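The structure appears right after this line, and notes come after that.
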Amino acid sequence: LMGEPPGTELVAADAADAVNSLALDTEKVVDVAMEQNLSLQGARMDVDQSRLDLSATKHGMLPSLSITGSAGYNLQENSEDGADVVYRDPFTSTFSDSALPEVTVSAEFSMPLGNRAAIGDRRSATATLYNQELTLQATERTVRGDVLTELRNLEAGDRLYMAQNC
């Protein structure tokens, strides 16, 4: 039987006074319910996700820097009279002596002015986190209250049974 050590002899109760009173540790019962309740687990995950979203909005408020580069060969040359540009065949001319190497590097630094969109995103994420935390607190209060109500109902039923049968 649950709660009894192995090897304990079982005795059937034949009288009402032989039935033990219900004894539960209220705090333990509430703690187990708070840990295992699926609504609370979901609310905790929502709070965690909102915290991650809030931290991600910080990136929108930072300046950005991008660097690009390219390298290749210039495969064009002037015609003999100098009036037109002639393009050479890239497959045969790429590694010839007359192909000119070409390298470009560019950098772009951008700093958003005002950061209105990023500030709005951050405020929205902050409000969402606050709402999720309030929802979690309300769910915790509800679960705790429901468990305590059920424990009181069990104890009242136990007292009523004992009163009727003793």
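Quick caveat, the model's predicted, so the values are computed rather than measured.
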Just jot down the side chain to side chain donor-acceptor pair (under 3.5 Å) partners of [X], sequence neighbours excluded, or say none.
X: Q49; answer: D53
X: E150; answer: none
X: S106; answer: T68
X: T126; answer: none

To the nearest 0.5 Å, tell me how far [X] [atom1] sits from [Y] [atom2].
X: M61; Y: I119; atom1: CE; atom2: CD1; result: 4.5 Å
X: L62; Y: N115; atom1: CG; atom2: CG; result: 8.5 Å
X: T57; Y: L129; atom1: OG1; atom2: CG; result: 10.0 Å
X: E140; Y: R44; atom1: CD; atom2: CZ; result: 6.0 Å

If we only count heavy atoms from C-beta on, is the V147 to L151 side-chain gap below 4.5 Å? yes
F109 vs S64 side-chain heavy atoms within contact, under 4.5 Å: no
Could you tell me whether the side chains of T128 and S50 share a donor-acceptor contact shorter than 3.5 Å? no
T139 and S39: side-chain donor and acceptor closer than 3.5 Å?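 No, no side-chain donor-acceptor pair sits under 3.5 Å.
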Within residues 107-135 or reaching into it, pairs that qualify as salt bridge (charged side-chain N to carboxylate O under 4.0 Å, His left out) - sequence neighbours excluded: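 Qualifying pairs: R51-E133.
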Scan for salt bridge (charged side-chain N to carboxylate O under 4.0 Å, His left out) pairs involving residues 28-40, sequence neighbours excluded, and state none if there are none. none
Please determine which of T142, D146, L148 meets the side-chain contact (heavy atoms from CB on, under 4.5 Å) test together with R144.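 When side-chain contact (heavy atoms from CB on, under 4.5 Å) is applied between R144 and each of T142, D146, L148, only L148 qualifies.
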